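Lettering follows sequence order; numbering is per chain, from 1. In what follows, every heavy atom counts, from backbone to side chain, and hydrogens, waters and symmetry copies are set aside. Just so we're clear, the structure is a prediction, and the values are computed from it rather than from any experiment.
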Amino acid sequence: ELKVEQNPLFLSMQEGKNYTIYCNYSTTSDRLYWYRQDPGKSLESLFVLLSNGAVKQEGRLMASLDTKARLSTLHITAAVHDLSATYFCAVDWQGGSEKLVFGKGMKLTVNP
Amino acid sequence: NAGVTQTPKFQVLKTGQSMTLQCAQDMNHEYMSWYRQDPGMGLRLIHYSVGAGITDQGEVPNGYNVSRSTTEDFPLRLLSAAPSQTSVYFCASSLGGLSTEAFFGQGTRLTVV
């Protein structure tokens, strides 16, 4: 059974600070997805990581994938209030983006 | 572009009632999925489809039926609603293949009393 664990599940941080959040998964997969969800809203795709060593950056967020360690990180640089949201990582189950297994999500609050 | 459209946005059902959650996408995506989101649980896959006429079960399929008669539509049917089915339901679609992410609808918030 594929399990996806996120760490931490809650994070409160000050604007301007840096932080890294983690996503571990239990079985072999070469693909990992990061999504953002604002309260009461849908999920917005942030990153698709397709291979070992993949690194993608968008603004203050950078995601990486280590398939050998079954670990993805999402690094936040110089946090701003607009980054406050819940962040989910997901791994495809049996090889397709139509079958995603999600972590429980990390709720990020960035304080002024 | 409409993307993935779900209706209704909110619904209250009585225990034992049946209903259909609608999902339509206009991106000509082959792959479509239904998830439910419960507090502290992330999203869990209910059913998915890799094309018209093809559906399969996900992690939590009990109490739900699906069919896929067209590429565009993927309705989710609750046969006899139970309070445990109170949740937010998301429909997603994707192009398929190794490099594509899933696009999500706005969700349907369902309460079963």
Which bit of A/E1 comes within less than 4.5 Å of chain B, counting heavy atoms only: side chain, backbone, both or neither? neither
Check for a donor-acceptor pair, side chain of B/Y35 on one end and backbone N or O of A/L100 on the other, with a separation under 3.5 Å. yes
What option among A/E44, A/K104, A/Q6 has the most heavy-atom pairs under 4.5 Å with chain B?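 The option with the most such pairs is A/K104.
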Joint hydrophobic cluster, [X] plus [Y], side-chain heavy atoms closer than 4.5 Å:
{"X": "B/V88", "Y": "B/L13", "answer": "no"}
{"X": "A/V101", "Y": "A/Y87", "answer": "yes"}
{"X": "A/V91", "Y": "A/L50", "answer": "yes"}
{"X": "A/M62", "Y": "A/L11", "answer": "no"}

May I ask you to test the [X]-[Y] pair for a side-chain heavy-atom distance under 4.5 Å?
{"X": "B/L43", "Y": "A/Y35", "answer": "no"}
{"X": "A/F88", "Y": "B/Q37", "answer": "yes"}
{"X": "B/F90", "Y": "A/S42", "answer": "yes"}

Quick one: pull up CD in B/E101 and CG in A/D92 and give me the separation to the nearest 0.5 Å. 13.0 Å
Could you list which of residues 14-22 of chain B have a heavy atom closer than 4.5 Å to any heavy atom of chain A, in residue-number order? none
What part of B/V4 gets closer than 4.5 Å to chain A, counting heavy atoms only: side chain, backbone, both or neither?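 Contact with chain A is absent: no heavy atom of B/V4 under 4.5 Å.
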CZ (B/R109) with more than 12 external heavy atoms under 6.0 Å: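 Counting neighbours around CZ of B/R109, 12 or fewer heavy atoms of other residues, nucleotides or ligands fall under 6.0 Å, so no.
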